[in-house]
Protein chains: 2
Amino acid sequence: MDYKTKKVLSIGAVSELTNLSLRQIRYYEERNLIDPARTKGGTRQYSFADVEMLISISTKLQEGVSTFELKKERKKQEKANQKQDMIVGQINAFFRR
Amino acid sequence: MDYKTKKVLSIGAVSELTNLSLRQIRYYEERNLIDPARTKGGTRQYSFADVEMLISISTKLQEGVSTFELKKERKKQEKANQKQDMIVGQINAFFRR
DNA sequence: CGTGTAAGGAATTCTGACACG
DNA sequence: CGTGTAAGGAATTCTGACACG
């Protein structure tokens, strides 16, 4: 697990990185578009991958796509990205000092 | 600025990643070994690079090196790493999708 | 020197709900 | 449907200090 997928960001940090409100970020989770981890205390923790996903979601919503449609697309996206992530991951691992 | 140098981690997250106590992390800052950013409210924010530095600090201290000596080494390290970071950064940027 | 801890306060986040539309 | 907000509470973090050594 690298920096991109570690669930370590607070919702406040994510809000700054994405320019989305806390309300929006929590709502997209409610719609199952993202899945943050939780600390023992219950605080949400996100990864940079989640941040990228949120930015993508935000763009799509502005284009008029519903969260329901985004949810359907999600699984396809995941599978499609899986192969590429594996390759990119190996390349990065190879060059990372 | 990539994921590694963005100041977005809470001290709690850093504590988990490094296995260091909040006290230790704050103390190393007091000794000028790390330099976290701050939110408007005053909460500390670290980068993954800080996490790596902290792990390195922790190891050195266990080896008997003082924080004062570590501070002296710091600048040399920074300069030495600068060139390499630049190269690694460009390579990663090239391969990052 | 490096780290633990109790103390009081402030910043951050959480949930459920009402509102608008 | 997607998002704002006020509400009360809980988790997280902050600082300065005392303690040990």
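Letters go in sequence order (proteins before strands), and every chain restarts at 1.
- Evaluation of the ring pair (Phe, Tyr, Trp, His ring centres under 6.0 Å) rule for A:Phe48 yields B:Tyr3 as partners, not counting sequence neighbours.
- Taking the side-chain contact (heavy atoms from CB on, under 4.5 Å) definition, one finds that A:Ser10 meets it with A:Ala13, sequence neighbours left out.
- A:Lys6 is linked by a salt bridge (Lys or Arg N to Asp or Glu O under 4.0 Å) to nothing, counting only residues two or more places apart in sequence or in another chain.
- Straight-line distance from the CD1 atom of A:Ile25 to the C1' atom of D:dG4: 14 Å, rounded to whole Å.
- Legend: residues meeting side-chain contact (heavy atoms from CB on, under 4.5 Å) with A:Ile87, ordered by chain and number and at least two apart, are A:Ile91.
- Rounded to a whole Å, the CD atom of B:Gln62 is 13 Å from the C1' atom of C:dT3.
- Going from atom CG of B:Leu20 over to atom P of C:dT3 covers 8 Å, rounded to whole Å.
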Can you give the dot-bracket line for DNA chain C, where a pair is Watson-Crick or G-U wobble with both atom distances under 3.5 Å, crossing pairs use [ ], and | marks a partner on another strand? .||||.||.|.|.||.||||.
Given protein heavy atoms under 4.0 Å, the one-letter contact record of nucleotides 12-19 of chain C, with B base, S sugar-phosphate only and - none, is simply SSBB-B--
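- Distances shown here put every side-chain N or O of B:Tyr27 at or beyond 4.0 Å from the OP1 or OP2 atom of C:dT3.
- Formation of a donor-acceptor pair under 3.5 Å by the B:Thr18 side chain with backbone atoms of B:Val51 is not found in this model.
- Put simply, A:Tyr28 has a side-chain N or O that comes within less than 4.0 Å of OP1 or OP2 on D:dT3.
- Remark: A:Glu63 pairs with A:Thr59, A:Lys60 by the side-chain contact (heavy atoms from CB on, under 4.5 Å) rule, at least two apart or across chains.
- If you measure from atom CD of B:Gln24 to atom P of C:dT5, you get 11 Å, rounded to the nearest angstrom.
- Listed by first and then second residue, the salt bridge (charged side-chain N to carboxylate O under 4.0 Å, His left out) pairs involving residues 13-25 of chain A are A:Glu16-B:Lys40 (not counting sequence neighbours).
- For B:Arg26, there are no salt bridge (Lys or Arg N to Asp or Glu O under 4.0 Å) partners, not counting sequence neighbours.
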